Enquirer: 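Pasting a structure here, questions to come.
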2 protein chains.
Amino acid sequence: MEAVQDLPPGTAPGLRTKSQLQRRRRILQAAAALASRGGVEAMQMRTVAERAGVALGTLYRYFPSKMDLVVAVVGEELDMLESSIARRPPAAATPDGRAVDVLMRATRGLMREPELADALIRALILADVELPFGDRMAGLLLRVAGLSDGRATEEQGVLAASLGAVWVQELLEMLRGRRTYEDIQRRIEIAASRLLAEFPASRAE
Amino acid sequence: MEAVQDLPPGTAPGLRTKSQLQRRRRILQAAAALASRGGVEAMQMRTVAERAGVALGTLYRYFPSKMDLVVAVVGEELDMLESSIARRPPAAATPDGRAVDVLMRATRGLMREPELADALIRALILADVELPFGDRMAGLLLRVAGLSDGRATEEQGVLAASLGAVWVQELLEMLRGRRTYEDIQRRIEIAASRLLAEFPASRAE
DNA sequence: ACACTTACTAGAATCCGTTCTAACTTCGGT
DNA sequence: ACCGAAGTTAGAACGGATTCTAGTAAGTGT
């Protein structure tokens, strides 16, 4: 039901030859493209396989389940977010301001491909997978709030993770059509101001 | 994909005869029982129908999709939580203390049937359904924090919903085996103390 | 080049949610 | 007591994820 053991989680090990890396890339690309249209339902394993030019069995060798495939796609999206943040770091003065900045940037990114976003978020939540998602997002928030992962106290870790949880929830509500972008921004700001107040290098409260 | 229109959402209208109410009850009971064991996968529509003593088609008449069935089961659980709270209201002195009390009580309840909890929580999050879950839980938190729904400001509503989101997330992590009961308690306390500080009748901060 | 393990392919097969069909009951109104 | 509408039933049928099979390529060591 999960396991991405012998298969490379990311740009990692396991794929011996160049053609295997390319296959993997083609698969991920096909999956993302399909999900960008009809969402999860359009991203059928047969279709992904066909579009990637591999046999169904091969697809399952690379990604033991649809979920694993989705998780991999999400991973790539997260990579992109992180590099975007590295390129143009959030400029706000306060830690919570920077966190909001990052989350809303991610929100905009996801809104560009709502079907994809829907598929990804839901799959992520469903995943049995030890998904490095919550952790990754929390780490990211800690970092932009001004703490290099290691230096954070437990409480700060919890607070960053909490803000991440709130964001995910709001995203889900948006996908259900119950939030606008502005709603999310306002709500995330409220939550962030409480959760991230008094962080190091915080605002003058 | 959803729609429980002509069918009674709860103890509501739509079911004419007594035997229909009983059928509905038998279905929900069978579903919960099955989910208590093998989780979602054990709760197969065919099996539920068989165990409830109705035809598959009838099951689908009462609950147009598996999701609707799950949502109904969750609704019943929530009913039980609310009546439990009515019977024995949280006693803590501060709003956030009472909120933590309620959430941990719900957590214990869910932990008693981990497979069921897993199935329900995930299904809920997935649901396209306009599920009254987040809202219901947020309203509940507001109430125990000391505000009868209507009287809350938007900010307070957001904060209560945020705490609910954090709780759900922690629950998911627990179901993944990454949190103990004590972890959750500690983390919820941290988040609640931030999110619900300065509520009316709040502690002396 | 040869043998051999490993990867890949095409396609059938299985499992489960959901839908459809045709016949049988139950119920409300008369 | 009888009729038509709505509710039930057993079971077949469909669709998509996942698994399985037999055979074909590709990569590795000698």
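A, B, ... follow the sequence lines: proteins, then strands. Residue 1 opens every chain. Source: prediction; values computed, not measured.
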Enquirer: Specify the residue among Thr47(A) and Gly57(A) whose closest nucleotide of DNA chain D lies further upstream toward the 5′ end.
Expert: Thr47(A)
Enquirer: I need the OH-P distance between Tyr62(A) and dT6(C), as an integer number of Å.
Expert: 15 Å
Enquirer: Applying salt bridge (Lys or Arg N to Asp or Glu O under 4.0 Å) between Glu170(A) and each of Arg186(A), Arg179(A), Arg178(A), report the one that passes.
Expert: Arg179(A)
Enquirer: Nearest heavy atom decides the nucleotide; on that basis, is Arg46(A) or Ser19(B) closer to the 5' end of DNA chain C?
Expert: Arg46(A)
Enquirer: Given dC8(C), dT8(D), dT19(C), identify the nucleotide with an atom nearest to the side chain of Thr58(A).
Expert: dC8(C)
Enquirer: I'd like to know if the side chain of Arg26(A) reaches the main chain of Ala52(A), judged simply by a donor and an acceptor atom lying under 3.5 Å from each other, with no hydrogens or angles considered.
Expert: yes
Enquirer: Report yes or no: does Arg98(B) contribute a side-chain atom to a donor-acceptor pair with the main-chain N or O of Val144(B) at less than 3.5 Å?
Expert: yes
Enquirer: Within this structure, what is the CG-to-P distance between Leu59(A) and dC8(C), rounded to whole angstrom?
Expert: 11 Å
Enquirer: Give me the atom names and distance for the closest heavy-atom approach of Leu28(B) to Phe63(B).
Expert: CD2-CZ, 3.8 Å
Enquirer: Send over the distance from Arg61(B) CZ to dT9(D) P, rounded to a whole Å.
Expert: 10 Å
Enquirer: Name the closest nucleotide to the Val54(A) side chain, picking from dT9(C), dG17(C), dA7(C).
Expert: dT9(C)
Enquirer: Specify the separation, in whole Å, of atom CE of Met45(B) and atom P of dC14(D).
Expert: 21 Å
Enquirer: Using OP1 and OP2 only, check whether a side-chain N or O of Gln20(B) sits under 4.0 Å from dT8(D).
Expert: yes
Enquirer: For the pair Arg23(B) (side chain) and Thr58(B) (backbone), establish whether a donor and an acceptor sit closer than 3.5 Å, ignoring hydrogens and angles.
Expert: no
Enquirer: Nearest whole angstrom, please: distance from the C1' of dC8(C) to the CZ of Arg26(A).
Expert: 12 Å
Enquirer: Checking contacts here: which listed nucleotide (dT19(C), dT18(D), dG17(C)) is nearest the side-chain heavy atoms of Leu56(B)?
Expert: dT19(C)
Enquirer: Which one, dA10(D), dT9(C), dT19(C), comes nearest to the side chain of Ala55(B)?
Expert: dA10(D)
Enquirer: Just how far, in rounded Å, is C1' of dT21(D) from OH of Tyr60(A)?
Expert: 17 Å
Enquirer: What is the separation between atom CD on Gln44(B) and atom C1' on dC15(C), rounded to the nearest whole Å?
Expert: 8 Å
Enquirer: Take atom CZ of Arg23(B) and atom P of dA6(D), then tell me their distance rounded to the nearest Å.
Expert: 17 Å
